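Below is one structure, written out as structure tokens; comments come after it.
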Amino acid sequence: QVQLVESGGGSVQAGGSLRLSCAASGYTFSRYCMGWFRQAPGKEREGVATIYTGLSSIEYADSVKGRFTVSQDNAKNTVYLQMDSLKPEDTAMYYCAARRFSGGVCVSDVRWFSYWGQGTQVTVSS
């Protein structure tokens, strides 16, 4: 059974940093696409970044390029989202997601991913 558990959210001031973690279990870590998504109140869930853990192939949304960094620890079956230079507009519930990789690319689309964590709240104050 695939399980994803996010942690690391919190409240910071603008310009600050947070690191989110997504601990995965129940599947072969290196054969899955992992995605980070976020959802602000009243808005649709949007993609932040994706990573194919088998090759550490990463894509970022334009809104976070240069500020957010995705990394992985295969020994811990964990994907991280390092968030620097945070802005108030980054405030949202952040989710990680997973889908078995079957070739091609990891798609940063809510409908494409199969498994989801429970989310962790990030609040950035101005």
Side-chain angles (χ1 to χ4, degrees):
Q1 182 179 359
V2 175
Q3 289 191 323
L4 303 172
V5 180
E6 302 99 330
S7 61
S11 297
V12 295
Q13 291 189 330
S17 298
L18 284 173
R19 189 177 79 156
L20 307 184
S21 300
C22 175
S25 62
Y27 65 91
T28 304
F29 186 67
S30 63
R31 297 178 183 176
Y32 273 67
C33 284
M34 303 290 292
W36 283 102
F37 290 79
R38 65 186 182 186
Q39 187 168 19
K43 295 188 176 182
E44 293 186 351
R45 193 171 298 187
E46 63 176 1
V48 174
T50 60
I51 178 171
Y52 169 45
T53 53
L55 295 175
S56 295
S57 176
I58 302 170
E59 297 288 335
Y60 296 97
D62 289 342
S63 59
V64 306
K65 280 181 181 177
R67 300 188 299 120
F68 290 11
T69 304
V70 175
S71 62
Q72 64 186 84
D73 184 335
N74 290 346
K76 296 182 178 180
N77 282 8
T78 298
V79 172
Y80 303 97
L81 181 66
Q82 176 68 40
M83 305 185 295
D84 299 317
S85 302
L86 282 162
K87 305 175 181 180
E89 51 263 44
D90 294 318
T91 295
M93 184 72 80
Y94 283 71
Y95 300 88
C96 72
R99 173 178 167 140
R100 183 177 174 84
F101 184 76
S102 57
V105 298
C106 299
V107 179
S108 185
D109 188 303
V110 170
R111 297 164 294 181
W112 191 80
F113 281 87
S114 306
Y115 305 99
W116 292 85
Q118 82 289 350
T120 186
Q121 178 67 39
V122 171
T123 303
V124 185
S125 58
S126 57

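Not measured: the values here are computed from a predicted model.
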*Any idea which heavy atoms bring Cys106 and Trp112 closest together, and the distance?*
CA-CH2, 3.7 Å
*Lys43 NZ to Met93 CE distance, which is reported to the nearest 0.5 Å*: 15.5 Å
_Check for me whether the distance between the ring centres of Phe37 and Tyr95 falls short of 6.0 Å._
no
*Establish, yes or no, whether a centroid distance under 6.0 Å links the rings of Tyr32 and Tyr27.*
yes
*Just one of Val70, Asp90, Val64 clears the side chain to side chain contact (heavy atoms under 4.5 Å, CB included) bar with Val48, so which one?*
Val64
*Would you find a donor on one side and an acceptor on the other, under 3.5 Å apart, between the side chain of Arg31 and the backbone of Arg100?*
no
_Backbone of Cys96 reached by a side-chain donor or acceptor of Glu6 within 3.5 Å_ = yes
_Show the nearest heavy-atom pair for residues Phe113 and Gly35, with the distance to one decimal._
CE2-N, 3.6 Å
_Distance-minimising heavy-atom pair for Ala14 and Ser126_ = CB-CA, 4.3 Å
*Look only at the side chain of Thr91 and the backbone of Val124, and say whether a donor-acceptor pair between them is shorter than 3.5 Å.*
yes
*Out of curiosity, Met34 CE to Leu81 CG, how far, rounded to the nearest 0.5 Å?*
11.5 Å
*Can Arg38 be said to sit on top of Tyr94's aromatic six-ring, NZ or CZ under 6.0 Å from centre and within 45° of the ring axis?*
no
*Does a salt bridge link Lys65 with Asp62, judged by any charged N lying under 4.0 Å from a carboxylate O?*
yes
*Ignoring hydrogens and geometry, is there a side-chain-to-backbone donor-acceptor pair from Glu59 to Ala49 under 3.5 Å?*
no
*Counting N and O atoms only, with roles assigned by atom type, does the side chain of Ser57 sit under 3.5 Å from a partner on the main chain of Leu55, one being a donor and the other an acceptor?*
no
_Nearest 0.5 Å, please: how far is OG1 in Thr53 from CD in Gln72?_
5.5 Å
*asked:* Can a donor-acceptor pair be found, under 3.5 Å and without considering hydrogens, that links the side chain of Thr78 to the backbone of Ala23?
replied: no
*Heavy atoms only: give me the nearest Ala40-Ala92 pair and the separation to one decimal.*
N-CB, 3.8 Å
*asked:* Side chains of Ser17 and Asp84 only: does a donor on one sit below 3.5 Å from an acceptor on the other?
replied: yes
